[in-house]
Structures are given as structure tokens and as C-alpha cells.
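Notes follow once the structure below has been shown.
One-based numbering, in listed order, for ligands and for the atoms of each.
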Amino acid sequence: MARYAIDYLREADLDAVHTIDTNSFSMPWSIDTYRQELRAPQLCRYVVARFLVADAVPSPTPPPTLRTRLLGMFGQPDRTTAPAAGTTIGYAGIMRTPTDGHITTLAVVPEHRRQGVGELLLLALIEQAYDLGVRRLALEVRATNTPAQTLYTKYGFVATHTVAEYYRDNCEAAVVMVIADISTIAFREQTKAHSDALYQRLVHKKTRT
Ligand SMILES: CC(C)(COP(=O)(O)OP(=O)(O)OC[C@H]1O[C@@H](n2cnc3c(N)ncnc32)[C@H](O)[C@@H]1OP(=O)(O)O)[C@@H](O)C(=O)NCCC(=O)NCCS
């Protein structure tokens with residue numbers, strides 16, 4: 001069993017997600033907002049990361065594709081099965097718009113940050129983006145949010161412009177970041193390389209150089 005599992009966000013996760021949301025963002029969403037998003041799976045996909053008590057028993061070789069890896073090694077995001085056991089420690093969402101897949105949220109509890117969980121959630125969103133049939137990914141991030149911008153840049157997002165006074169609470173600017181086309185071979189290869197490295201880190205617990 002892997003140490004972390006990815007699962008679809010379920011009704012039972014909403015209290016935990018709301019707590020993470022409240023602790024991570026100055027303008028958290030209401031639980032009802034998440035509930036509404038859950039009612040439109042053709043447009044919105046939400047995933048959670050769970051921390052499993054039991055430690056990993058790694059497979060000798062990583063599964064061949066990112067999809068099978070996320071499904072098989074990092075948990076099984078399947079709405080028809082029982083939720084993966086464990087504590088909900090992160091969540092992320094994507095919405096299909098007429099022009100792109102818009103990453104709406106991504107957060108990890110402070111105690112589990114810098115372990116690769118943010119990457120795991122982003123990889124799961126990229127899988128959901130393929131499933132939703134989008135090619136372009138976009139998001140807004142606070143201008144001062146260096147950790148998130150660094151994560152997105154690592155995965156190929158490029159800052160295109162800023163929107164002044166985007167955030168109502170403190171009038172902070174948003175940086176708009178985009179991946180123009182996730183269907184390219186180059187993007188798929190880069191994502192697979194990140195996934196391979198994350199696999200080594202999470203499952204085999206290899207330290208990074
Ligand atoms: C942004 C966030 C989700 C990252 O989650 P995480 O689990 O800590 O991220 P990971 O451990 O997977 O890190 C992946 C990469 O992100 C970048 N990164 C993450 N935290 C970072 C930090 N504090 N400083 C610099 N880079 C950071 C690095 O590139 C890192 O890769 P590396 O480990 O090879 O250096 C987390 O900091 C968080 O929940 N922040 C509060 C909510 C938020 O701001 N969400 C984004 C909204 S747009």
C-alpha cells in the first residue's frame with residue numbers, strides 16, 4: 001500500500017476539505033460551493049490526497065503509464081468503490097471551460113507540505129484534464145505565492161500576464177499561468193519524467209539530489 005492515495009472528492013471529505021481550505025486560503029469556499037461542483041462531474045473534477053497509516057510496499061518496477069501509476073500505486077480514484085482509507089490531507093480541482101481546463105484550487109495541509117503531495121494532486125488534475133478532453137490548462141495564483149508558482153513552473157506553466165487587484169481581500173494581483181497544450185509529446189514526456197521522479201521519492205523514499 002502506498003503512503004499517499006489519490007481519490008475523488010466525496011461528500012464525506014467536505015468537512016476536512018473545508019478545514020484545509022480555511023487554513024490555506026484567506027477567502028475559503030463554503031462547503032455548499034464544493035457540493036455544487038460535485039454535482040457537475042462532466043465539467044468539474046475534484047480529487048483528494050489521503051495519508052495512509054500503513055507504509056508502502058513498493059512494486060519492483062513502476063507501472064508503465066501515469067494513469068496506471070495514479071490508479072494503481074498512488075490510490076484508486078474510482079467513484080464506484082469505497083473511499084480509500086486514511087486522513088484527507090490535500091485536495092485540488094479543475095473545471096472545464098469553453099477555452100481550457102481551469103485549475104480552481106489546490107492545497108495541502110502544512111504538516112504534509114514539501115513531501116510531493118502537491119505534485120501528486122497536480123498530476124491527478126492533469127489526468128482529469130485529459131479525461132475532460134481539454135488541451136489548454138490555466139489558473140490564477142497570487143503574485144506573492146512563490147511556493148505555488150514554483151510548483152506550476154516546474155510542471156510547465158508559463159506566466160502570461162497579471163490581473164491587478166484580482167483578490168478582493170487585500171487587492172493583490174493575480175498571475176495568470178498557462179500550459180498551451182497538454183497533448184504534445186513534449187509535455188507528456190516531461191510529465192512522465194516528473195511522475196517517475198515522484199514515484200521514486202514517494203514509494204521508494206529516495207532522497208532528491
Ligand atoms: C502550493 C502547495 C499546494 C504545494 O504543495 P506541496 O505538497 O508542499 O508541494 P510539493 O511538495 O509537491 O512540491 C512540489 C514542488 O513545488 C515547489 N514548491 C513547493 N513548496 C515550495 C516552497 N515552499 N518554496 C519553493 N518551492 C516550493 C517546488 O518546485 C517543489 O518541487 P521540489 O520538491 O522538487 O523542490 C502548498 O504549499 C499549499 O497548500 N499552499 C497553500 C495553498 C496554496 O497556495 N495553493 C495554491 C493556490 S494557486
Charged N-O contact under 4.0 Å between D13 and R10
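No.
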Atoms of ligand 1 close to [X] [distance to a heavy atom under 4.0 angstrom, numbered from 1]:
X    : result
N145 : 43 (C), 44 (O), 46 (C)
V141 : 48 (S)
E119 : 12 (O), 14 (C), 31 (O)
Q115 : 11 (O)

Looking at ligand 1, does any of its N/O atoms fall within less than 3.5 Å of an N/O of [X]?
X    : value
E140 : no
F25  : no
T146 : no

With heavy atoms under 4.0 Å as the rule, classify the contact between [X] and ligand 1 as side chain, backbone, both or neither.
X    : answer
H194 : neither
Y152 : side chain
R142 : neither
K154 : side chain

Shortest non-hydrogen contact from P41 toward L132
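Nearest pair, atom of P41 first, then L132: O-CD2, 4.1 Å.
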Answer yes or no: is there a donor N or O on one side and an acceptor on the other, between the side chain of [X] and the main chain of [Y], under 3.5 Å?
X    : Y    : result
R45  : L125 : no
T104 : G93  : yes
T162 : A164 : no

Below 4.0 Å from any atom of ligand 1, is there a heavy atom belonging to R201?
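In this structure, R201 qualifies as a contact of ligand 1 - some heavy atom is under 4.0 Å.
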As a test of understanding, state which of N23, T22, D21 forms a side-chain contact (heavy atoms from CB on, under 4.5 Å) with T19.
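Result for side-chain contact (heavy atoms from CB on, under 4.5 Å) with T19: N23.
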Distance only, no hydrogens: is a donor on one side chain within 3.5 Å (strictly under) of an acceptor on the other, for Q128 and Y46?
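Per modelled atom types, Q128 and Y46 side chains form no pair under 3.5 Å.
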Given G116, G90, G118, A107, identify the one with the heavy atom nearest to atom 11 (O) of ligand 1.
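Of the listed residues, G116 has the closest heavy atom.
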Give a yes or no on whether the ring-centroid distance for H18 and Y34 is below 6.0 angstrom.
no
Plane angle bin for Y4 and F51 - parallel if under 30°, tilted between 30 and 60°, otherwise perpendicular:
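Tilted: the ring planes of F51 and Y4 meet at 30° to 60°.
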